[in-house]
Amino acid sequence: MAGGKAKKEKGKPHQQQKHMPYQGGISFHKSKGQHILKNPLLVDSIVEKAGVKSTDVILEIGPGTGNLTKKLLEAGKKVIAVEIDPRMVLELQRRFQGTPHSNRLTVIQGDVLKTELPYFDICVANIPYQISSPLTFKLLKHEPAFRAAIIMFQREFAMRLVAQPGDKLYCRLTVNTQLHARVFHLLKVGRNNFRPPPKVDSSVVRIEPRKPRIEVKQKEWDGFLRICFNRKNKTLGSIFRQKSVISLLEKNYRTVRALELGQEDSLKEVDAKMDFSSFGDDRGMEMDDDGADDDEMEVEDGEADEVQSEFKDKVLGVLKEGDFEEKRSSKLTLQEFLYLLSLFNKTGIHFY
């Protein structure tokens, strides 16, 4: 349970969703992603696998009633807990008040996605699944980089994070995450380990930010991956032959060239704001668009002469130079994506 965004409940009081009571009197709201770990052995296992040091400052997201918090306080130097639910904040304060741990616990009430996070060495989180993607990337952008984050995710989301090229769940989310971090699957967690139980199983993963970071222009990287994963099981040659892709890249190419040459008047003739958001799915990058009809976007043989252009040859030339024309995004490694982007950039083709 975590500092995700709380939603107002609709309907009359007698029509509201029933909540699972906590033995201390607190009810848990499933609609807000509140699922408390009830298995003490699992709590111990998570703390052990987190590798907490006695000198660590620990960021805990979604402490709930404090079952995991207590173990983290015993293992580390200090715990900073971020919790959105004021009832849980009061429960945490009540639970640890007057104990030897009280002066080593700081509770921040608020939405973790909107909270400026302090320094921490390690993060441990059991979060509402609806904030999985934005929280992951908020943590990966955090400075200075932390040592590791141990996070409970919905199992399918977790498996996307750790997927390898060729795996069914390998997607844009996978590559974007692995650009910034190494990700390891630690353990599978059945739904019955929670109160109330969620509808799906969970997994705990360990995320270790890369040191040093791989430097890319994030906006361009995202635009590049959106195109590559728009049809991840199609060959890159097929994807980059699509009229919509060629048209967008050529407009962007002209814009960048005009900027480089200082030809401000030329910028009036082209769209200076390129939009790659139409490629790929934007719902947390969890799914990629593989089901749509590709034919209407591809160049038909009878139109080849009409569409053929010097710029199209330039694009396809990049693919041929790196031997990428017959390869598929679903099977490319992170290093291959970085190499292909560098080849495009070398010829003046950009994706921002």
Side-chain angles (χ1 to χ4, degrees), residues 165 170-172 174-176 178-180 210 212-280 282 285 288-289 294 297-301 303-352:
Y170 190 71
C171 61
R172 185 160 57 99
T174 311
V175 180
N176 255 319
Q178 294 181 13
L179 172 73
H180 298 290
R210 292 187 183 275
R213 296 176 183 267
I214 298 176
E215 296 297 331
V216 297
K217 294 178 180 177
Q218 191 59 48
K219 185 177 180 181
E220 175 167 38
W221 177 253
D222 184 59
F224 170 64
L225 290 186
R226 281 177 181 272
I227 289 178
C228 290
F229 278 99
N230 188 38
R231 302 286 188 273
K232 72 175 185 179
N233 291 316
K234 288 283 186 179
T235 65
L236 290 170
S238 174
I239 290 172
F240 281 92
R241 280 187 175 86
Q242 293 175 18
K243 288 180 284 187
S244 56
V245 173
I246 292 294
S247 176
L248 184 59
L249 289 179
E250 187 168 13
K251 287 180 181 179
N252 200 34
Y253 177 77
R254 290 176 179 174
T255 300
V256 173
R257 289 290 295 162
L259 284 169
E260 290 174 347
L261 298 174
Q263 298 174 349
E264 295 185 7
D265 290 340
S266 298
L267 295 180
K268 298 177 182 178
E269 301 176 10
V270 294
D271 185 2
K273 185 179 181 182
M274 295 296 103
D275 182 12
F276 290 85
S277 62
S278 60
F279 296 95
D282 210 26
M285 294 189 295
D288 297 298
D289 184 9
D294 296 294
M297 297 186 67
E298 297 210 12
V299 178
E300 300 292 341
D301 292 340
E303 300 175 358
D305 292 338
E306 180 182 341
V307 180
Q308 196 73 25
S309 68
E310 182 179 342
F311 182 77
K312 181 181 175 183
D313 291 340
K314 181 187 290 286
V315 171
L316 297 182
V318 169
L319 297 178
K320 291 176 182 177
E321 178 185 351
D323 195 27
F324 285 104
E325 195 170 18
E326 296 302 319
K327 293 183 178 179
R328 291 168 168 78
S329 296
S330 60
K331 299 183 185 300
L332 289 190
T333 65
L334 171 63
Q335 290 70 27
E336 286 176 312
F337 279 115
L338 288 166
Y339 177 52
L340 177 56
L341 179 59
S342 72
L343 291 180
F344 276 119
N345 287 171
K346 188 174 70 173
T347 58
I349 299 172
H350 292 275
F351 296 81
Y352 46 69

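Because the structure is predicted, anything quoted here is derived from the model rather than measured.
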Show the numbers, then the answer: is there a side-chain contact (heavy atoms from CB on, under 4.5 Å) between Asn252 and Leu248? CA-CA 6 Å; Asn252 200 34; Leu248 184 59; 5.8 Å; no
Phe351 side chain reached by Leu225 side chain, heavy atoms, under 4.5 Å: no
Could you go step by step and tell me if Ile214 and Leu334 meet the side-chain contact (heavy atoms from CB on, under 4.5 Å) rule? CA-CA 11 Å; Ile214 298 176; Leu334 171 63; 4.1 Å; yes
With a 4.5 Å limit on heavy-atom distance, are the side chains of Tyr170 and Val175 in contact? yes
On a heavy-atom basis, the closest approach of Gln242 and Arg231 is NE2-CG, 4.1 Å
Applying salt bridge (Lys or Arg N to Asp or Glu O under 4.0 Å), can you list everything that pairs with Lys327, at least two apart in sequence or on another chain? Glu336
Minimum-distance pair of heavy atoms, taken over all atoms of His350 and Leu249: O-CD2, 3.9 Å
Rounding to 0.5 Å, atoms CD1 (Ile246) and NZ (Lys243) come to a distance of 12.0 Å
Of the non-hydrogen atoms in Leu343 and Glu321, which two are nearest, and what is the gap between them? CD2-OE2, 3.8 Å
Measure the CG-OG distance between Asn233 and Ser238 for me, rounded to the nearest 0.5 Å. 11.5 Å
Step through it carefully: locate the ring centre of Phe324, locate the ring centre of Phe344, and say whether they are under 6.0 Å apart. no
Would you give the length of the straight line joining atom CG of Asp222 to atom CD of Glu220, rounded to the nearest 0.5 angstrom? 11.0 Å
Run the side-chain contact (heavy atoms from CB on, under 4.5 Å) test on Arg241 and Leu316 for me, step by step, so that the C-alpha distance in whole Å, both residues' side-chain angles and the decisive distance to 0.1 Å come before the verdict. CA-CA 8 Å; Arg241 280 187 175 86; Leu316 297 182; 3.9 Å; yes
Any side-chain heavy-atom pair from Leu340 and Leu319 closer than 4.5 angstrom? yes
Could you tell me which non-hydrogen atom of Thr235 sits nearest to which non-hydrogen atom of Glu326, and how far apart they are? CG2-O, 3.8 Å
Keeping Thr174 on the side-chain end and Cys171 on the backbone end, is there a donor-acceptor pair under 3.5 Å? yes
Are any of the side-chain heavy atoms of Leu179 and Phe337 separated by less than 4.5 Å? no
Anything under 30° is parallel, anything over 60° is perpendicular, the rest tilted; go ahead and classify Tyr253 against Phe311. tilted
What are the two closest non-hydrogen atoms of Leu332 and Pro165, and how far apart are they? O-CG, 3.5 Å
Starting at NZ of Lys232, measure out to OG of Ser329 and round the result to the nearest 0.5 Å. 9.5 Å
Nearest heavy atoms of Cys228 and Leu236, plus distance in Å: SG-CD2, 4.2 Å
Could you walk me through whether His180 and Gln218 pass side-chain contact (heavy atoms from CB on, under 4.5 Å), step by step? CA-CA 11 Å; His180 298 290; Gln218 191 59 48; 3.1 Å; yes
Stepwise, does the salt bridge (charged side-chain N to carboxylate O under 4.0 Å, His left out) test hold for Glu310 with Lys314? CA-CA 6 Å; Glu310 182 179 342; Lys314 181 187 290 286; 6.0 Å; no
